[in-house]
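Quick notes on the structure that follows.
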Amino acid sequence: MSCTICPRTCNIDRSAAAGFCGCSSVVRVARAALHFDEEPCISGTRGSGTIFFSGCNLKCIFCQNMVLQNGTLGEIFSVPRLARTMLKLQAIGAHNINLVTPTPHRDALVEALRLAKNDGLSIPVVYNTNAYETVETIRAYEGLVDVYLPDLKYVDPRLSLIFSKASDYFDTAIEAIAEMIKQTGFLALDENGIATRGVRIRHLVLPGCVFDTRNVLDAIKERFGTDCPLSLMSQYTPIPECRMKPLDRPLTRREYDAALDYCLSLGFTNVYTQDLTSVGRSFTPPFSDHVEI
Ligand code: SF4
């Protein structure tokens with residue numbers, strides 16, 4: 001079957017060759033564990049049951065999880081093992097199941113989520129994505145995913161082409177996010193402040209690119225309004241593999257403040273901001289070919 005799961009539409013048979021995302025027909029998982037570095041409404045006090053998938057359909061040159069980009073790191077997981085892993089994470093207290101970079105693995109994940117829910121998975125399922133998705137793929141998760149965390153990275157096609165090899169990024173991502181909101185609404189929290197359902201749009205402010213952060217915020221306001229929940233992230237950390245200016249340095253406090261001031265001036269009412277100590281801090285957990293859980 002030729003793969004059209006994401007907007008790359010490689011049209012290749014993944015049982016014969018890997019696609020642009022680096023994924024063949026198997027699912028590789030590089031970490032499954034309780035994770036405490038998400039927003040408080042996701043990590044809570046007991047941690048988010050996070051499953052990190054190997055392979056990615058964007059090739060961001062500044063990616064914090066670069067070791068996962070080509071899809072070769074990680075242990076092969078069958079559909080039943082994926083479902084069992086979700087149930088184990090629930091059993092050790094996870095607030096939710098957090099699927100990180102799930103895009104290329106749609107067919108296995110839809111099956112695994114159905115299986116896990118049938119076997120007692122009851123905590124919310126979080127879909128943590130770069131937002132470079134087709135509407136059809138997001139529709140496949142209707143009724144299976146509770147919370148969407150799309151990272152809307154750029155509006156400017158020059159940036160998305162140079163930094164992530166996707167000149168159509170914004171036009172594609174905004175439609176995928178519209179489908180996520182149509183399915184689940186804006187983010188809702190329980191009495192303890194933990195996410196139960198809905199969408200929060202993330203945006204990582206990039207060094208030297210505050211102009212495009214303004215474009216992103218304008219676009220969100222225009223399409224979804226100022227009640228749309230946002231996370232304005234400051235945690236950009238330069239990696240040795242990326243020497244391109246201005247991505248070779250951390251975000252400055254002045255840049256983050258400028259982005260936040262603009263966000264608030266637009267009237268957004270529900271904005272999660274990161275402590276400025278997040279600037280330059282590494283959020284990359286250890287990945288491996290052997291998954292403990
Ligand atoms: S999921 Fe991978 S193989 Fe399929 S279209 Fe996207 S990049 Fe290509």
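Both counts, for ligands and for their atoms, begin at 1 and track the order of listing. Heavy-atom basis, side chains included; hydrogens, waters and symmetry copies ignored.
Stacking of R214 on the aromatic ring of Y262 is recorded, both the 6.0 Å distance cut-off and the 45° axial limit being met. Judged by a 6.0 Å distance limit and a 45° cone about the ring axis, K153 is not positioned over the six-membered ring of Y169.
By the criterion of a heavy-atom distance under 4.0 Å, the backbone of T9, and not its side chain, is placed next to ligand 1.
From the protein, the heavy atom lying nearest to atom 8 (Fe) of ligand 1 is C10 SG, 2.3 Å. Closest protein heavy atom to atom 6 (Fe) of ligand 1: C6 SG, 2.3 Å.
Closest approach of S54 to C23, counting heavy atoms only: O-SG, 3.6 Å. L109 and L82 get closest at one heavy-atom pair: CD2-CD1, 4.5 Å.
Distances from atom 8 (Fe) of ligand 1 show that C21 has no N/O/S atom below 2.8 Å. Residue contacts to atom 6 (Fe) of ligand 1: C3 brings no N, O or S atom closer than 2.8 Å.
Counting atoms of ligand 1 from 1 in the listed order, those under 4.0 Å from a heavy atom of R14 are 1 (S), 3 (S), 4 (Fe). Counting atoms of ligand 1 from 1 in the listed order, those under 4.0 Å from a heavy atom of G19 are 3 (S).
Ring to ring, Y154 and F170 are not that close: their centroids are 6.0 angstrom or more apart.
Linking Ile, Leu, Val, Met, Phe, Trp and Tyr residues whenever their side-chain heavy atoms come within less than 4.5 Å leaves L58 and F52 in two separate clusters.
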